[in-house]
Amino acid sequence: MPLRLIFMGTPDFAVPTLLELVAHGHEIAAVYTRAAKPAGRGMKLQPTPVEQQARRLGIPVLTPATLKTPEASEQFRGHSADAAVVVAYGMILPQAILDAPPLGCFNLHASLLPRWRGAAPINRAIMAGDGETGVTVMKMDAGLDTGDIAMAEPMAITDAMTAADVHDALARLGGDLMVRAMGALERGMLQLTKQGDQGVTYATKIEKAEARIDWNQPARAVLRHIHGLSPFPGAWCELAIEGEQVRVKVLRCAMVDRSGVAGEVLDDRLAVACRQGAIRILELQRAGKAPMKSADFLRGTPLKPPARLG
């Protein structure tokens, strides 16, 4: 029999998992998500991506401000769900919630645990130069991403991939993995493995102070820093445009076999020297402007040697 599930998620990353669970016949008793926030020019309340999909599917939506009250626990138990599926929900689940579904609460995490526990696993994996990441389904406990592992699926990270690229690929992979995990749970065949102590790393939240590009790093480190922060918050540098220092976000780049003084523009196609090697900027964004290809940017703002990026 299909499972009766509570789904808890908020951003775009969680949507494929919700859709896959519904498509495979599981009954979603309720969706928990964060409350709508004002957004856009008119500052109208904008429901989360998960809420938008849930309402389209006719699933009841709840947006509690806290799960720590007895009333919240009673309401949660009242859904009579077999299990809960949690994907980037954005709130800590207290023990009373974790204990409510008889089969447990299962979280989809965007890394191969125990590597990159915490808030920003995709960004940190790219920025660290990792060649591999993946998704993990774990049975949740009270710790930070410390629960027993049910299933994991690896995926390669190439130097060409930005955080947005990895995010979208893992969201699709994660939906498939969670469906497989819930299928095994339904059949009583889901096996859990305790996380080891070896290889534990923490993906701390990205701070704005990290975003400035350091051209004194080797080219691959600069590329991975740029791609790990693309599109948000965006790695940035400053360049002189019409006599003013203007902040520009670099969104995509590639390594090139060139050399020069760190931060120096090496040609008229935005090759920039790093401490070792160089990168070519492929996509960028001026403050207050839309992202654009470097060729389009250069048509309006020619940059060539001996220009410098700071």
Side-chain angles (χ1 to χ4, degrees), residues 8-14 17 33-34 37 48 66-68 86-94 98 105-149 152-159 161-171 173-174 194-218 220-237 247 249-253:
M8 311 178 82
T10 294
D12 287 318
F13 185 81
T17 301
T33 190
R34 301 304 298 270
K37 292 183 178 180
T48 69
T66 180
L67 296 172
K68 295 179 179 179
V86 184
V87 187
Y89 176 44
M91 287 175 63
I92 294 173
L93 273 57
L98 293 174
C105 298
F106 293 85
N107 175 250
L108 178 71
H109 186 74
S111 80
L112 296 175
L113 292 169
R115 186 160 177 78
W116 300 126
R117 295 174 179 172
I122 293 174
N123 311 86
R124 295 299 178 191
I126 296 172
M127 293 167 74
D130 291 5
E132 183 180 65
T133 185
V135 281
T136 302
V137 173
M138 67 173 173
K139 187 173 183 181
M140 298 175 71
D141 61 16
L144 176 64
D145 300 327
T146 57
D148 293 349
I149 293 173
E153 188 73 35
M155 186 192 85
I157 305 176
T158 70
D159 283 345
M161 299 174 81
T162 66
D165 299 329
V166 175
H167 169 283
D168 292 351
L170 290 183
L173 193 63
K194 288 197 176 298
Q195 289 192 45
D197 296 328
Q198 299 297 315
V200 174
T201 55
Y202 287 92
T204 54
K205 184 180 177 182
I206 300 294
E207 301 292 341
K208 288 184 178 179
E210 298 179 72
R212 186 164 194 162
I213 298 168
D214 181 1
W215 300 107
N216 283 300
Q217 293 293 314
R220 186 168 185 267
V222 172
L223 176 144
R224 283 302 195 107
H225 177 246
I226 288 168
H227 284 177
L229 299 179
S230 177
F232 184 83
W236 61 272
C237 61
R247 182 178 292 196
K249 289 182 180 181
V250 181
L251 302 178
R252 194 179 294 271
C253 59

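Owing to the predicted nature of the structure, the values given are computational and were not obtained by experimental measurement.
Going from atom OG1 of Thr158 over to atom CD of Glu132 covers 13.0 Å, rounded to the nearest 0.5 Å. Between Lys37 atom NZ and Thr48 atom OG1 the span is 10.5 Å, to the nearest 0.5 Å. One finds the CE atom of Met138 at 11.0 Å from the CZ atom of Phe106 (value rounded to the nearest 0.5 Å). Summarising the geometry, atom OG1 belonging to Thr133 is positioned 5.0 Å from atom CD1 belonging to Ile157; distances are rounded to the nearest 0.5 Å. For the atom pair NZ (Lys139) and NZ (Lys194), the distance works out to 10.0 Å, reported to the nearest 0.5 Å. One distance of note links CG of Leu112 with CD of Glu153; it measures 9.0 Å at 0.5 Å rounding.
Between Asp197 and Val200, the closest heavy-atom pair is O-CG2, 3.5 Å. Looking at every heavy atom in both residues, Ala120 comes nearest to Thr204 through CB-O, 3.6 Å. Here the closest non-hydrogen pair linking Ala110 and Pro121 is O-CB, 3.4 Å. Heavy atoms only, all atoms of each residue included: Cys105 and Leu93 are closest at SG-CD2, 4.4 Å. Nearest heavy atom pair, residue Ile213 against residue Ala235, reads CG1-CB, 3.8 Å. Scanning both residues, Ala128 and Trp116, for their nearest heavy atoms gives CB-CZ2, 3.6 Å.
The closest side-chain heavy-atom distance from Phe13 to Leu170 is below 4.5 Å. Arg252 is listed as a side-chain neighbour of His227, based on a closest heavy-atom distance under 4.5 Å. Side-chain contact between Asn107 and Tyr89 is absent, with no heavy-atom pair separated by less than 4.5 Å.
Panel note: side chain Asn123, backbone Leu229; no donor-acceptor pair is recorded below 3.5 Å. Thr10 places no side-chain N or O within donor-acceptor distance of the main-chain N or O of Gly90, the cut-off being under 3.5 Å. Using modelled atom types, no side-chain atom of Thr201 and backbone atom of Arg115 make a donor-acceptor pair closer than 3.5 Å. In this structure, His109 contributes its side chain and Pro114 its backbone to no donor-acceptor pair below 3.5 Å. Looking at Lys249, its side chain does come within 3.5 Å of a backbone N or O of Pro233 through a donor-acceptor pair. Counting only distance, with no hydrogens or angles, the side chain of Arg224 and the backbone of Ile126 share a donor-acceptor pair below 3.5 Å. A donor-acceptor contact shorter than 3.5 Å links the side chain of Arg124 to the backbone of Lys205. Between the Gln195 side chain and the Asp145 main chain, a donor and an acceptor come within less than 3.5 Å of each other. In this structure, Thr33 contributes its side chain and Gly9 its backbone to a donor-acceptor pair below 3.5 Å.
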_Set out, in order, the CA-CA distance, both residues' side-chain angles and the distance that settles side chain to side chain contact (heavy atoms under 4.5 Å, CB included) for His225 and Asp214, then state yes or no._
CA-CA 9 Å; His225 177 246; Asp214 181 1; over 6 Å; no
*asked:* Test side chain to side chain contact (heavy atoms under 4.5 Å, CB included) on Leu98 and Asp141; report intermediate values, then the result.
replied: CA-CA 7 Å; Leu98 293 174; Asp141 61 16; 5.5 Å; no
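Judged by the 6.0 Å distance and 45° axis criteria, Arg247 is positioned over the aromatic ring of Trp236.
For Arg220, the side-chain hydrogen bond (donor to acceptor under 3.5 Å, both in side chains) partners at least two apart in sequence or on another chain are Asp159.
By the neighbour-count criterion of 12 heavy atoms within 6.0 Å, atom CD1 of Ile92 is sparsely surrounded, having that number or fewer from other residues, nucleotides or ligands.
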